[in-house]
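Inspection log for the structure reproduced underneath, given as C-alpha cells.
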Number of protein chains: 2
Amino acid sequence: MARRRQSVTIKHVAADAGVSLQTVSRVINNEPNVRPAMKERVQASIDKLGYVPSIAAQRMSGSRSYLILALNDRDATISDWRAREGRDWVDQMLLGGMLTCAEHGYRMLIELVDTHSDHVERELSAAIAALQPDGVILTPPHSENPLITGLLAERGIPFARIGTTEEGPGFAITMGDRFHGALATDHLIELGHERIGFIAGPIDFSLSDRRIAGWRQAMENAELPCEDLCERGDFGFDSGIVAATALLESDDPPTAIIASSDQMALATLEVARKRGLKVPQDLSLVSFDNSPIVRFTQPPLTAVDQPISATISRAVELLIEARKKAKPAGVISVHGELVVRGSTARVPGNGAN
Amino acid sequence: MARRRQSVTIKHVAADAGVSLQTVSRVINNEPNVRPAMKERVQASIDKLGYVPSIAAQRMSGSRSYLILALNDRDATISDWRAREGRDWVDQMLLGGMLTCAEHGYRMLIELVDTHSDHVERELSAAIAALQPDGVILTPPHSENPLITGLLAERGIPFARIGTTEEGPGFAITMGDRFHGALATDHLIELGHERIGFIAGPIDFSLSDRRIAGWRQAMENAELPCEDLCERGDFGFDSGIVAATALLESDDPPTAIIASSDQMALATLEVARKRGLKVPQDLSLVSFDNSPIVRFTQPPLTAVDQPISATISRAVELLIEARKKAKPAGVISVHGELVVRGSTARVPGNGAN
DNA sequence: ATGAAAGCGCTAACAT
DNA sequence: ATGTTAGCGCTTTCAT
C-alpha cells in the first residue's frame, strides 16, 4: 500500500494564492488580522483546489480535533442492538449529535464503555489518548460515575452529563423529567381522571424521583390524592407486570396509569388485557420514551416524547462553545412533549364526550 | 483553553525503557526485528505509563488512521431516524462494525452523504481529506454509484460495496438474496403450500431480482407453478397494499405470500385482515428484514433475518486485511436465517398437524 | 496585517 | 536488531 499523502494541502493553497501558510491558516480558522481582499483571494484558491484541512494535522499542531466523543454503556447498548426490539436511543443521539456536529465541521464518534468495570479509567484514558476529542457526551449511567467525570475534569476536556441534575464538573442536561411527569398527569386530569396511578423507575436513577415529583405536584394542584397510587419498577417488562398488578388489584384502582418506560407500559397493557380491562375505555395509559414500539401496540400508546435528539444537539453546541465561553450555570433542561395516541380517553361515566 | 498536549508520548516510553523511539514504534506496530526481551521491556514501560498512541500522529506520519468510514444515504437515514418506526439498519451496522473495529484497534465513523446530489464527489472528497479513513463501507444505494466508487478507486482507498453483485473496484458483499428467497420459499413448501406468492422489490435494486430468482428456483425444484404469483412493490407500505391486493384478488389466490420488506409484509397483513383472511390460518406470511416491528404485529411475523451486523463485520475485516492481502475474488455472500414466528402455518386442509 | 521558524507525535527510510 | 534523520500538514510562537 502506497504511502497516502494528502492530495491538496495548505501549501498548495498558499502557493496558488501567493501568500504564506500562515495567512491560509488564518482564513481557514476565521481568525482576525486578514484583510477582506486577502481573505477573498485565499478563499478562492481554497474553493478552486477543493482544499479541506486534515483534522489529524490540525490536532497535531495543538488545535482542535473536531471530534466529539459520545460515551454509551457497553452492555446496555449491545443488548438493545441484539434484541432488535426498537429501542432507538442511539439513533436519536446520532440524529441530534451528528447533524449538529456537521453544522460546525465536527464529527461525532460513539464509544462503548463498561461503567461497572474496574478499568473504566483505563478504557476512557485510552480513548482520549487515541482520539483527543474536543468534547465528551456522557449518557446515563456514565453521567453520574465519578471515576469518569473526575478523569475528564482532570484532563480539562469539556463534557456534558446527560440526564442528571447533580452538581459537578462539566455541565448537566436533563430532559425535563419533572415537567414530563406533570405533563402526562395534567393530560389525564383534563380527561377527567381522578385516580391516576404512577409506575416509577428504580430509585438509583435520579430521574425516577423527578418524574414522581412532577406527577405528585400535578395531582396536588388538582387536589387529587396520591396515596397508594405509586409503584416502582426497574424500567423492564417484568417489573411492570408486578407494579401494574398491584395498582389494579387494589380496592380503589386507578382509572389511568402513567408508566415510566415503554416496557412497563407494555406490561401494563398486558395486565389490563388479562383482567378484561379495555384500553382506553376502562383504563387510560400513558407511556414514557415514545420509542418505536408504542406506535405498533393495540391501541397505539399516548406517550411522553423524550427529546433525546434535541438534548444531544444542545449538548454538542455547548461543548463546541465551551472553548470560548464559560460553562453554563446550573442544570440545563430540554423539554419534550406529549404525543397523544389511542391509549388515553375520557374517564368512564364522566359525562361529556 | 490551554493547549492540550498528549500526556504520555512515545518519547516518554522510549526514555523509560531506555531505547529509541523507533524501537517503541516497532513494538506498538508489532513489527519484526525486535528481540523478545526488548519487546517485553518496552511493553512493560507502555503498560506502566498507560501509553496509547495518538491516531492523529500516526496518521500524520503516513501510516494508518485507524478509521473506517461508513457511508449512508443522508435522506433515507434521517427520515428513518425521524419516523422512529423501528428501522434499525444503522444500529445493526454499528453492532457489527464498531465491535469488529474495536477488536482491531480501529473506530467506525458514520458519514451521511446525499447520493443524488451533484456534489457527491465534493462531499466525499471533503470527508476523505478531513478524516483520511483506512477503509470505506458503502451501503445501498451508494454501493452502485460510479461517482463514489470511481473516486475511491482513484484515491486508492479500500472499500466494500454492500448489497451488490456488480463487478468493479473495491469488493462486493451481498446478503445471500437468492439463498434467502429460496429459504423462505422452502419453508412454506415444507408446510404444504403449493401456491406461494412473492411480492418483490423494485427493479432498480438488483437484490430484488436475486430474491425472485431464489423463489423461482425453489418453486421449480418442487415442481410448483410461478405464473401470476409475482408482483412488484417499492419496499414501501402503499405499494405492498397494491401488490397484496392483486395477489389475493386473483381467481386462484396463493395460500402463502413472501414479502420482500417488512413494510410490504405489514401491508399484506392489513389487506388480509380487510378481506377476512386470518393469518396464519388462511394465509401464511413471510417477511424480509426482520426489523423490530415484526416482533410486535399480530401475529408476530416469520421473517428472513438480513444479517446486516455480520455483513458489516465481515466488510470491516476485509477492509483491514486489504492493507496486506489482495482483494478477495468475486462476490462475498453472508447468509442469514429464517426466524419462524406465528405468521406461517401448515396449509389449510392439508391433513397432517 | 503578514511572514518565517519551530515543533506537535509518530513512522518511513536510511544508517549502523 | 537497533538507532538516527527527515518529514507528514498544520498551528503556534515570534518576528516584521
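Chain naming here is simple, since letters A, B, ... match the order of the sequence lines and numbering starts at 1 in each. Heavy-atom basis, side chains included; hydrogens, waters and symmetry copies ignored.
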Minimum-distance nucleotide (side-chain atoms of Thr9(B) versus dT11(D), dA1(C), dC10(C)): dC10(C)
Give, for atom CD1 of Ile10(A) and atom CD of Gln22(A), the distance between the pair rounded to the nearest 0.5 Å. 7.5 Å
Could you tell me the separation between the CD atom of Glu31(B) and the P atom of dT11(C), rounded to a whole number of Å? 8 Å
Starting at the 5' end of DNA chain D, which residue's closest nucleotide do you reach first, Lys11(A) or Ser25(A)? Lys11(A)
Quick check against the 3.5 Å criterion: does Arg74(A) have a side-chain atom that pairs as donor or acceptor with the backbone of Leu112(A)? yes
Under 4.0 Å between a side-chain N or O of Arg35(A) and OP1 or OP2 of dT2(C)? yes
Side-chain H-bond candidate by donor/acceptor type, Glu144(A) with Thr164(A), under 3.5 Å: yes
What is the separation between atom CE on Met60(A) and atom P on dC10(C), rounded to the nearest whole Å? 8 Å
Send over the distance from Asn33(A) CG to dT16(D) C1', rounded to a whole Å. 13 Å
Nucleic acid contacts - residues 42-52 of chain A versus DNA chain C, non-hydrogen atoms under 4.0 Å: none
Rounding to a whole Å, what distance do you find between Arg26(A):CZ and dT11(D):P? 11 Å
For Ser117(B), the side chain to side chain contact (heavy atoms under 4.5 Å, CB included) test, sequence neighbours excluded, returns Asp114(B), His119(B)
Quick one: the side chain of Arg59(B) and the base of dG9(D), do they pair up donor-acceptor inside 3.5 Å? no
By the 4.0 Å heavy-atom rule, please label Pro53(A) as base, sugar-phosphate, or nothing. sugar-phosphate
Please determine if a side-chain N or O atom of Gln58(A) lies less than 4.0 Å away from the OP1 or OP2 oxygen of dT11(D). yes
Taking CD from Gln22(A) and C1' from dA5(C), how many angstroms apart are they, rounded to a whole number? 11 Å
Is the backbone of Glu166(B) close enough, under 3.5 Å, to the side chain of Arg161(B) for a donor and an acceptor to pair up by distance? yes
My understanding is that only one of Leu71(B), Ile148(B), Leu151(B) makes a side chain to side chain contact (heavy atoms under 4.5 Å, CB included) with Val120(B); could you say which? Ile148(B)
So which nucleotide from dC10(D), dG3(C), dC10(C) ends up closest to the side chain of Ser54(B)? dC10(C)
From C-beta outward on Ile10(A), which listed nucleotide comes closest to its side chain: dT2(D), dC10(D), dC8(D)? dC10(D)
Let me know the distance between CD1 of Ile28(A) and P of dC10(D), rounded to the nearest Å. 6 Å
Look at all strands and tell whether Val24(B) reaches a base, only sugar-phosphate, or nothing, counting heavy atoms closer than 4.0 Å. nothing
Between Ser20(A) and dG3(C), is there a side-chain N or O to OP1/OP2 distance below 4.0 Å? yes
Test item: Thr100(A) side-chain N/O and Gly97(A) main-chain N/O as donor-acceptor pair under 3.5 Å: no
Is the backbone of Thr9(B) close enough, under 3.5 Å, to the side chain of His12(B) for a donor and an acceptor to pair up by distance? yes
Euclidean distance, atom CD of residue Gln132(B) to atom C1' of dC8(D) [Å, nearest integer]: 10 Å
Give the rounded distance in Å between these two atoms: CG of Leu21(A) and C1' of dT13(D). 15 Å
Choosing from dC10(C), dT11(D), dG3(D), which nucleotide comes nearest the side chain of Thr23(B)? dG3(D)
